[in-house]
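Just below is one structure, and these are the notes that go with it.
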Amino acid sequence: MFDRVVQYLSEQLDISEEDISRDTTFDSLHLDSLDTVEMIMDLEEELGVDLDLEDKLSTVGELVDFIENKLG
């Protein structure tokens with residue numbers, strides 16, 4: 001799942017996948033709340049799962065863990 005999230009961010013933000021780690025913050029990627037919502041919606045569609053985001057996630061690793069928990 002980490003690789004898929006990194007690939008998505010790399011494509012959307014036009015940055016190198018090597019520049020993204022589990023500890024990379026969304027703030028450091030200059031993602032605002034609208035960008036985050038759009039990303040979650042895209043991932044929901046791709047994965048066929050509802051990712052009800054209740055808490056604010058701040059790092060790529062937190063998002064990956066959240067998605068993996070939802071996929072069970």
Side-chain angles (χ1 to χ4, degrees):
M1 184 54 58
F2 173 74
D3 291 337
R4 178 60 199 115
V5 171
V6 168
Q7 179 185 11
Y8 175 88
L9 290 169
S10 173
E11 291 169 0
Q12 293 298 314
L13 303 174
D14 195 30
I15 58 175
S16 172
E17 291 184 18
E18 290 79 31
D19 292 337
I20 304 170
S21 72
R22 288 186 60 86
D23 296 326
T24 300
T25 65
F26 295 119
D27 286 342
S28 72
L29 296 174
H30 306 289
L31 285 176
D32 62 23
S33 58
L34 181 59
D35 294 326
T36 305
V37 168
E38 185 176 312
M39 175 178 59
I40 294 298
M41 288 173 42
D42 288 345
L43 290 169
E44 283 178 331
E45 183 176 325
E46 178 179 326
L47 300 170
V49 64
D50 186 17
L51 301 172
D52 267 336
L53 199 59
E54 295 147 7
D55 299 323
K56 179 170 176 11
L57 303 176
S58 58
T59 68
V60 172
E62 288 175 2
L63 175 61
V64 169
D65 292 343
F66 176 77
I67 293 170
E68 287 176 344
N69 285 336
K70 285 289 190 174
L71 292 175

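Counting begins at 1 with the first residue of the sequence. Since the structure is predicted, the reported quantities are computational estimates derived from the model, not experimental observations.
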Residues D65 and R22 bridged, charged N to O under 4.0 Å: yes

Cluster overlap F66 with M41, hydrophobic side-chain contacts below 4.5 Å: no

Which atom pairs, one a donor and one an acceptor, fall under 3.5 Å between side chains of residues 8-15 and the rest of the protein, sequence neighbours left out?
from	atom 1	to	atom 2	distance (Å)
Y8	OH	D42	OD2	2.6
S10	OG	I15	O	2.6
E11	OE2	Q7	NE2	3.2

same_hphob_cluster(L57, V37) at 4.5 Å side-chain heavy-atom cutoff: no

Separation between CD of E62 and CG of D23, rounded to the nearest 0.5 Å: 9.5 Å

same_hphob_cluster(V64, L71) at 4.5 Å side-chain heavy-atom cutoff: yes

Pairwise distance CD1(I67) to CE(M1) - rounded to 0.5 angstrom: 5.5 Å

Residues in side chain to side chain donor-acceptor pair (under 3.5 Å) contact with S21, at least two apart in sequence or another chain: T24

Distance (rounded to the nearest 0.5 Å) between L63 CG and E68 CD: 9.5 Å

By side chain to side chain donor-acceptor pair (under 3.5 Å) - contacts of T25 (at least two apart): S28

Separation of F26 CZ from M39 CE (nearest 0.5 Å): 4.0 Å

